[in-house]
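Structure first, then comments.
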Amino acid sequence: MLWFDIISGIVGGLMLILAFLAINSKKLINSVLLLSGLSMLAVVAFVMLKAPDVAITEAVIGSGLVTSLFVFTLLSTRKEAKK
Amino acid sequence: MIQYAAILLFVLGLYGIFISTNTIKMLVSLNILEIGLNIFIISIGFNYQGIAPILSSVSDTGLIYVDPLPQALVLTAIVIGVGTTALGLAFAKSIYQKYQSFDLNDMEESL
Amino acid sequence: MTIAGYVFMIIGGLFFLLGGLGVLRMPDTFNRIQAGTKATTLGAFSVLIGVGLVNFEWSWIAKIIIIIVFIVISNPIGSSTIAKATYYSKYKPDNLVQDDLEKRGDE
Amino acid sequence: MKKLFGLILFMGLGVLIILALNNTISFPKFGSVDLSDRVADAYLDNDNVSEVGSANIVTAIVVGYRGFDTLGEVTVLFISALGVAFLFSFKKEKRLDLKFKPNFMLKHGSKLLFGIMLVVSLYIITHGHLTPGGGFPGGAIIASGVLLLYLADDKFRSNIKGFKVLEGVAGSLFVIIGLLGLILATSFLENFIASGTVGQLLSAGIIPIIYVLIGLKVGSEIASVVDNFLTEEESA
């Protein structure tokens, strides 16, 4: 019980730090990648809360698909700015 | 402990939506808010002695499970989150094609 | 059998630790890729073999073999793609002695 | 300065939420939940489990007890995919140029990886009522496999019309199975196939069939969204 609180405190604190950095970072791509790291930590939190179904779904969607959609949007607009 | 972190994550996402003027930043903040909310909903049904709600061949009566209902709700909420994020990004891209910028302040000037 | 499995898991954890240290300490991107991929391959294999020894059942071993094949294919592809992307983004380390890819052209 | 003030204000809001939730009777203390006064107690009852036949209780809730909710959820996903396709519809479209020349190893290794991902996703979908996983993560894994093919080959376009047809067929079969429940049994989406013993692959009645359909629908929808994000208007 004590170990659970310690590890969940570490995971929660890291998540808060990553969220703050993602909101306040200057470059958009850094913000998107920090969001990807945040959702990987959320997977750890879901596994600790005994929710394996949700953890699998979040691992596939949060760190893979959503990040790639953000990156595609940034890529397609970057080239228009160059022209 | 993780429940408090989830609530603070939710509030931080709300702060990001209010404070940022960039559409991509707003969507990132919306995702942060969603993650915090999901963790909070799951933590409502948690029990220290509980195990994951999956019956195995050895398990019998007398075991404590965590609440499976919040997990079922969050499972669908995550998949809906992809849809809303994709729709928001599509709007952001079409806004960019009109104003050549993601920033809301630039749009005001060209109006 | 169980003790051997736990020994394998501890070895895998040590490999992961060394890989993390290598990523922190190495000077440029190419060296970091090298440290990271070696540690990932060996560490993941050791942990998976340890899990298979602790739970010695056919259903577990079949899944572990599939995971190992996945890592064997995906890890070289990913690291080579990162290296190539780093090269094409005009990043060159300071102490580069010989650049073979420049002579050979795009391939 | 304005940002700092906003941060302090919102942190104060968070502290107020924590204080408000801590001292109420209806809100339980973290980690000591008593399931006996909740609705989940009925789902975890032994008679109910043997009636539904699904070892994974989350799957039993998502598809069995709340199948109508899931139908609405899939519809929401369908509408958002439709909106994305609407916003990205151009007269002449072409594939987004990533300016990256794939080498031999990437092109052929990614096809091998796509096969493994497809097998894993099929395993996850068909074992949704026994192990963690099911239609939603399996469909998302199919979509990430398609995304891998898009990233590995700069000329690749998937058959987008085939995805649309697959999505429509899966969605209509979902509704047809629900209507069969209305005809053969008493209510919409009711289980009309005998649920075998708990823990076997061929058990749980219509739950595996519906979860396979959900997996196909989610996978094709997210894959078509990815395809839409990788197209742009041809400027020529």
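Because the structure is predicted, anything quoted here is derived from the model rather than measured. Heavy atoms only: backbone and side chains are in, while hydrogens, waters and symmetry mates are out. In the text below, chain A, chain B and the rest are named by the order of the sequence lines, each starting its count at 1.
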Where does [X] contact chain A at under 4.5 Å (heavy atoms): side chain, backbone, both or neither?
X: B:Val66; answer: side chain
X: B:Tyr4; answer: neither
X: B:Asn22; answer: side chain
X: B:Thr85; answer: side chain

Does [X], at its [atom1] atom, have more than 12 non-hydrogen atoms belonging to other residues, nucleotides or ligands within less than 6.0 Å?
X: B:Phe18; atom1: CZ; result: no
X: B:Phe40; atom1: CZ; result: yes
X: A:Phe4; atom1: CZ; result: yes

How many angstroms lie between [atom1] in [X] and [atom2] in [Y], if you round to the nearest 0.5 Å?
X: A:Ser25; Y: A:Phe20; atom1: OG; atom2: CZ; value: 11.0 Å
X: B:Leu33; Y: B:Met26; atom1: CG; atom2: CE; value: 12.0 Å
X: A:Leu74; Y: A:Lys27; atom1: CG; atom2: NZ; value: 11.5 Å

Pairs of heavy atoms under 4.5 Å with chain B: top-ranked of [options]:
options: A:Ser31, A:Ala42, A:Ser39; answer: A:Ser31
options: A:Ala51, A:Gly62, A:Gly13, A:Ala45; answer: A:Ala51
options: A:Leu34, A:Leu35, A:Asn24; answer: A:Leu35
options: A:Asp5, A:Val60, A:Val54; answer: A:Val54

*Just give me the residue among B:Asn38, B:Val74, B:Ile32 that pairs up with chain A most often, heavy atom to heavy atom, under 4.5 Å.*
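Option with the top pair count is B:Ile32.
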*Could you tell me which of B:Val82, B:Ile39, B:Asn47 has the largest number of non-hydrogen atom pairs under 4.5 Å with chain A?*
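Result: the option with the highest number of such pairs is B:Ile39.
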_On a heavy-atom basis, which atom in A:Ser63 and which in A:Ser36 lie closest, and how many Å separate them?_
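Here A:Ser63 and A:Ser36 meet closest at O-OG, 3.9 Å.
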*Quick one: closest heavy-atom pair of A:Leu69 and B:Ala86, and the distance?*
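Looking at all heavy atoms of both residues, the shortest contact is CD1-CB, 3.9 Å.
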_Part of A:Leu28 lying under 4.5 Å from any heavy atom of chain B_ =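 Contact with chain B: side chain only.
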